[in-house]
Amino acid sequence: MDPSVLQSPELQRLLNQEKERAMINEMVGKLTSACWDKCITGTPGSKFSSSESNCLSNCAQRYMEMSLMIVKRFQSMQ
């Protein structure tokens, strides 16, 4: 394989997209696990109770806000 292919802008763009996709999937998994453990206290039924639904919504919102704040903090350190 030609080593210059590994340095092509198109390949780098695709690699960056895959890294971003993997990070998003990881974040969604962590968010789901953390919020589920916090908000779903019993065996879930066919739908969430209003308190569970509110808790999940608030938890996800806080998780996303905190993640964004951490990313911004790391960016400002560079």
Side-chain angles (χ1 to χ4, degrees):
M1 178 185 271
D2 181 7
S4 66
V5 172
L6 298 175
Q7 299 301 322
S8 75
E10 179 68 16
L11 180 60
Q12 292 302 316
R13 185 181 64 76
L14 289 171
L15 288 172
N16 286 338
Q17 285 178 340
E18 286 303 312
K19 285 179 189 177
E20 288 175 13
R21 196 172 288 132
M23 287 180 0
I24 289 169
N25 285 338
E26 182 181 357
M27 185 176 7
V28 168
K30 288 180 179 179
L31 179 149
T32 301
S33 179
C35 292
W36 184 272
D37 291 345
K38 178 180 177 163
C39 298
I40 310 302
T41 57
T43 304
S46 61
K47 63 182 193 175
F48 297 126
S49 69
S50 63
S51 62
E52 290 171 332
S53 183
N54 287 336
C55 180
L56 288 168
S57 179
N58 291 333
C59 180
Q61 182 68 34
R62 284 192 308 270
Y63 190 94
M64 296 301 291
E65 288 171 357
M66 186 58 67
S67 295
L68 185 59
M69 187 169 52
I70 290 169
V71 167
K72 285 181 179 181
R73 176 72 174 153
F74 279 122
Q75 287 175 340
S76 71
M77 293 170 57
Q78 294 180 349

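Residue pairs satisfying the salt bridge (Lys or Arg N to Asp or Glu O under 4.0 Å) criterion with at least one member in residues 43-71, sequence neighbours excluded, are absent.
Counting all heavy atoms, side chain and backbone alike, Cys39 lies closest to Cys59 at SG-CB, 4.2 Å.
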Name every donor-acceptor pair, under 3.5 Å, that has one atom in a side chain of residues 25-33 and the other anywhere in the protein, sequence neighbours excluded.
{"residue": "Asn25", "atom": "ND2", "partner": "Arg21", "partner atom": "O", "Å": "3.4"}
{"residue": "Glu26", "atom": "OE2", "partner": "Lys30", "partner atom": "NZ", "Å": "3.1"}
{"residue": "Thr32", "atom": "OG1", "partner": "Val28", "partner atom": "O", "Å": "2.8"}

Point to revise | Steps toward side-chain contact (heavy atoms from CB on, under 4.5 Å) verdict (Leu14, Glu18) | key: CA-CA 6 Å; Leu14 289 171; Glu18 286 303 312; 5.7 Å; no
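In this structure, CZ in Phe48 is found 10.5 Å from SG in Cys55, a value given to the nearest 0.5 Å. With rounding to the nearest 0.5 angstrom, the NZ atom of Lys19 is 14.5 Å from the CD1 atom of Ile24. Note that the CG atom of Leu68 and the OH atom of Tyr63 stand 13.0 Å from one another [nearest 0.5 Å].
Contact annotation: the side chain of Val71 approaches that of Gln75 to within less than 4.5 Å [non-hydrogen atoms, C-beta and beyond].
Take Arg73 and apply the salt bridge (charged side-chain N to carboxylate O under 4.0 Å, His left out) test, not counting sequence neighbours, and it matches no residue.
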